[in-house]
Peer 1: 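Structure in structure tokens, see below.
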Amino acid sequence: MTAGRFAPSPTGELHVGNLRTAILAWLFAHSTGRQFLLRVEDLDRVRAGAEETQLAELAAVGLSWDGEVTRQSQRRLHYDDAVSRLRRDGLLFECFCTRRDVAEAASAPHVLPGHYPGTCRDVPEAERMAARRVRPAALRLRTDVGQFEVHDVLHGRYTGAVDDFVVVRNDGVPAYNLAVVVDDAEQAIDQVVRGDDLLTSAPRQAYLGSLLGLPPVEYAHVPLALNPERRRLAKRDGAVTLEALAAEGWEASAVSAVILRSLGLPDSSLEAALSVFDPSRLPREPWIVDPSHLSSTDAAPVRPNR
Ligand code: GLU
């Protein structure tokens, strides 16, 4: 059976925007007969206790998932295997550039902003040996396309740039773009629902998947939650986590109801929302969250304890 998933990075509490994405991932998966998996993306920054908190928050808004929670930190063998295959196929090269090197070289007129300018692509072995003594190498993908097309349920056909991106960081840790592709395929995940800030990463990931011979996935990049200044919602914007809202008298079920209403769905339960869920009717605009408004007006009809 195939699956959809939610894949949080355990860096802190989830805010209402993250919870909304999780609820959407659950709705997309279950409305298409898929399982719903939860994967903790803990290769990078991790805050102690954040995983437990996030799992409790997801459960509190009514979500449950199939099988055990998986953790990327326990899946290194899968990433190592993919790296060996890419290396065997001559698809990796060592890169000794610092962030600053890349930023400076990438400001040249012929390089797309933010893209790797190819500095280390064809460095002779003698030079690479010398460079290895100075700093460890990251491994980058030797790409032979400038762009790649993906299919997204909400965005249609989307073509985005693909550069020689990093697949193993110079501290030996698999990069996000590699881990996510390997995990999704290995876990039989063929539906990726996540915030639309990651839409531009999808072509890189899909291209890497094609090099590894993996089946393509269906994407749904959903609108983010923004603050009233239209910047990405953050904890500093006010009471936007379950914990902060609980301190103002909110039950988690009331938060869940507000999220479902923001999606134009019935707010009595996730199951009620699932029974009428239709991706084509989802709002395409960001969800503007004004914490002061959320705690006074929106909450009033559903807020218990007050
Ligand atoms: N772990 C990523 C995040 O929390 C999401 C990755 C993904 O869904 O592909 O932003």
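Note that ligands are numbered from 1 as they come in the structure, with each ligand's atoms numbered from 1 the same way.
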Peer 1: Specify the closest pair of heavy atoms between Gly12 and Ala50, including all atoms of both residues, with the distance to one decimal.
Peer 2: N-CB, 3.6 Å

Peer 1: Among residues at least two apart in sequence or on other chains, which ones pass side-chain contact (heavy atoms from CB on, under 4.5 Å) with Thr159?
Peer 2: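 For Thr159 the side-chain contact (heavy atoms from CB on, under 4.5 Å) partners, ignoring immediate neighbours, are Gln147, Glu149.
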
Peer 1: How are the rings of His221 and Tyr219 set to each other: parallel, tilted or perpendicular (split at 30° and 60°)?
Peer 2: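 Correct class here is parallel.
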
Peer 1: With a 4.0 Å heavy-atom cut-off, what residues sit around ligand 1?
Peer 2: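 Lining ligand 1: Arg5, Ala7, Pro8, Ser9, Glu41, Tyr176, Val180, Arg194, Leu198.
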
Peer 1: Could you pull out the closest heavy-atom pair between Trp287 and Arg20, with the gap in Å?
Peer 2: CE3-CD, 3.3 Å

Peer 1: Which residues, ordered by chain and number, are linked to Met129 in its hydrophobic cluster, where ILVMFWY side chains connect at heavy-atom gaps below 4.5 Å, directly or through other members?
Peer 2: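 Traced through the cluster, Met129 reaches no other member.
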
Peer 1: Under the rule for ring pair (Phe, Tyr, Trp, His ring centres under 6.0 Å), what residues qualify as partners of His115, not counting sequence neighbours?
Peer 2: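 Here no residue qualifies.
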
